[in-house]
Amino acid sequence: MSSNINTENWMKDIGVLDHLSGVGEGSTSAATKNITALVVDDDSVNQMIHSKILENLGIQNQVVRNGKEAVDLHSSGNNFDLILMDMDMPVMNGIEATRKLRAMGVRSIIAGVSTCTRDELEQKEFMAAGLDDFQEKPLTTPKLVSILQKVNKKC
């Protein structure tokens with residue numbers, strides 16, 4: 001339990017929880033009320049941060065640890081409005097998972113959320129796989145709001 005408290009303090013320190021009082025009010029909360037999201041990341045700290053930001057905006061979300069789990073969820077009939085996809089994961093990376101999801105006809109907004117890569121070709125390959133957006137980690141509330149604007153336009 002104390003690790004959650006320390007993590008929450010850390011998230012505040014780096015600005016992840018900034019602006020929540022303003023972002024969650026009015027039209028944004030109404031716009032995010034029925035949005036569902038899938039967090040695909042093998043790092044438990046990133047999972048917690050991304051899930052917490054989504055929850056604070058009123059977005060129901062589910063977390064999986066790799067691309068194969070994301071593909072399997074969709075194969076079993078689950079659908080999400082938004083998928084936050086890490087690029088580097090074991091079992092199936094984000095590039096391959098994004099390609100498979102698009103080949104399956106998944107129309108969700110898929111946002112690559114990954115550490116800044118030194119290899120621009122790899123980032124371009126990720127985008128070409130079918131991403132709608134790319135954001136560098138750490139994901140922050142303003143970055144998520146930018147992604148959500150794309151979700152709202154698509155709906």
Side-chain angles (χ1 to χ4, degrees), residues 3-4 6-8 10-20 23 28 31-32 35-57 59-155:
S3 66
N4 286 345
N6 292 338
T7 302
E8 191 164 321
W10 174 76
M11 290 191 304
K12 287 178 185 175
D13 290 344
I14 65 168
V16 171
L17 299 180
D18 287 352
H19 316 296
L20 285 179
V23 172
T28 304
T32 62
I35 294 174
T36 58
L38 178 64
V39 175
V40 187
D41 201 310
D42 60 319
D43 183 277
S44 60
V45 172
N46 288 326
Q47 290 172 355
M48 186 172 32
I49 290 170
H50 297 172
S51 182
K52 182 75 169 174
I53 292 171
L54 290 162
E55 285 174 14
N56 285 333
L57 292 174
I59 299 171
Q60 293 181 333
N61 66 89
Q62 190 170 340
V63 176
V64 296
R65 298 182 312 166
N66 60 63
K68 183 179 182 324
E69 291 180 9
V71 170
D72 290 347
L73 261 180
H74 283 85
S75 292
S76 65
N78 289 284
N79 291 300
F80 301 90
D81 300 301
L82 170 65
I83 301 170
L84 300 177
M85 181 76 71
D86 185 25
M87 183 165 45
D88 297 314
M89 296 177 288
V91 184
M92 182 185 292
N93 69 30
I95 295 170
E96 186 179 348
T98 300
R99 278 192 195 118
K100 286 191 181 244
L101 290 169
R102 291 302 189 211
M104 292 166 54
V106 172
R107 298 179 48 110
S108 308
I109 294 286
I110 302 178
V113 183
S114 194
T115 52
C116 182
T117 178
R118 285 181 245 134
D119 185 355
E120 283 186 43
L121 288 175
E122 195 172 52
Q123 186 174 331
K124 286 180 182 178
E125 181 183 6
F126 199 12
M127 286 297 297
L131 292 184
D132 295 292
D133 194 15
F134 181 86
Q135 297 289 334
E136 289 181 17
K137 289 180 186 176
L139 185 64
T140 61
T141 300
K143 288 178 183 178
L144 182 59
V145 169
S146 170
I147 296 167
L148 290 173
Q149 289 171 343
K150 292 180 180 180
V151 173
N152 286 333
K153 286 179 185 175
K154 196 171 183 178
C155 292

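What you see below is based on every heavy atom in this structure, not just the backbone, and it leaves out hydrogens, waters and symmetry mates. None of the values given here were measured: they were computed from a predicted structure.
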>> Holding to side chain to side chain contact (heavy atoms under 4.5 Å, CB included), I want the full list of residues that pass it with Asn79, two or more places apart in sequence or in another chain.
In response: His74
>> With a 4.5 Å cut-off on side-chain heavy atoms, are Asp86 and Asp42 touching?
In response: yes
>> Would you say that Glu69 contacts Met92 through its side chain, given a criterion of any heavy-atom pair below 4.5 Å between the two side chains?
In response: no
>> If you compare all heavy atoms of Asn78 against all heavy atoms of Ser76, which two are closest, and at what distance to 0.1 Å?
In response: ND2-OG, 3.2 Å
>> Quick one: does any side-chain atom of Ser108 pair with a main-chain N or O of Phe80 as donor and acceptor, under 3.5 Å?
In response: yes
> Any side-chain heavy-atom pair from Val113 and Lys137 closer than 4.5 angstrom?
Replying inline: yes
> side chain to side chain donor-acceptor pair (under 3.5 Å) with Glu96: which residues, sequence neighbours excluded?
Replying inline: none
>> I'd like to check the ring pair (Phe, Tyr, Trp, His ring centres under 6.0 Å) partners of Phe126; sequence neighbours left out, ordered by chain and number.
In response: none
> What distance separates Gln123 CD from Phe134 CZ, expressed to the nearest 0.5 Å?
Replying inline: 4.0 Å
> Between the main-chain N or O of Met48 and the side-chain N or O of Ser51, is there a donor-acceptor pair closer than 3.5 Å?
Replying inline: no
>> To the closest 0.5 Å, what do you measure between CG (Leu38) and CG (Leu73)?
In response: 6.0 Å
>> Under the rule for side chain to side chain contact (heavy atoms under 4.5 Å, CB included), what residues qualify as partners of Ser44, not counting sequence neighbours?
In response: Gln47
>> Could you check whether any side-chain heavy atom of Val91 comes within less than 4.5 Å of a side-chain heavy atom of Arg65, counting everything from C-beta outward?
In response: no
> Heavy atoms, side chains only, cut-off 4.5 Å: are Leu84 and Val40 in contact?
Replying inline: no
> To the nearest 0.5 Å, what is the distance between CD1 (Ile147) and CG (Leu139)?
Replying inline: 5.5 Å
>> Applying side chain to side chain donor-acceptor pair (under 3.5 Å), can you list everything that pairs with Asp88, at least two apart in sequence or on another chain?
In response: none
> Quick one: side chain to side chain contact (heavy atoms under 4.5 Å, CB included) partners of Ala37, sequence neighbours excluded?
Replying inline: Leu54, Ile59, Asn61, Leu82
>> Contact between Leu101 and Ile83 at the side-chain level, heavy atoms closer than 4.5 Å - yes or no?
In response: yes
> So which of Ile95, Thr115, Asn93 actually passes side-chain contact (heavy atoms from CB on, under 4.5 Å) with Met87?
Replying inline: Ile95
> For Val71 and Ala97, which heavy atoms make the closest approach, and how far apart are they?
Replying inline: CG2-O, 4.1 Å
> Between Val45 and Asp43, which heavy-atom pair has the shortest distance, and what is it?
Replying inline: N-OD1, 3.0 Å
>> Let me confirm one number: the CD1-OG1 distance from Ile110 to Thr98, rounded to the nearest 0.5 Å.
In response: 5.0 Å
> Who pairs with Glu125 by side chain to side chain donor-acceptor pair (under 3.5 Å), at least two apart in sequence or on another chain?
Replying inline: Arg99
>> Between Arg102 and Asp132, does the salt bridge (charged side-chain N to carboxylate O under 4.0 Å, His left out) criterion hold? Intermediate values first, please.
In response: CA-CA 11 Å; Arg102 291 302 189 211; Asp132 295 292; 2.7 Å; yes
>> Please evaluate residues Glu136 and Ser114 with respect to the criterion side chain to side chain contact (heavy atoms under 4.5 Å, CB included), reporting the C-alpha separation (whole Å), side-chain torsions for both, the decisive distance (0.1 Å), and the verdict.
In response: CA-CA 5 Å; Glu136 289 181 17; Ser114 194; over 6 Å; no
>> Could you measure the distance from the CG atom of Leu144 to the CD1 atom of Ile53? Nearest 0.5 Å is fine.
In response: 6.5 Å
>> Going by side chain to side chain donor-acceptor pair (under 3.5 Å), name the residues that satisfy it together with Asp72, two or more places apart in sequence or in a different chain.
In response: Lys68
> What distance do Asn46 atom CG and Asp41 atom CG have between them, rounded to the nearest 0.5 Å?
Replying inline: 4.5 Å
> Looking at residues at least two apart in the chain, or sitting in another chain, which of them share a salt bridge (charged side-chain N to carboxylate O under 4.0 Å, His left out) with Asp133?
Replying inline: Lys150
> Side chains of Ser146 and Gln135: does their closest heavy-atom pair fall under 4.5 Å?
Replying inline: yes
>> Tell me which pairs pass ring pair (Phe, Tyr, Trp, His ring centres under 6.0 Å) where either residue lies in residues 84-108, with sequence neighbours left out.
In response: none
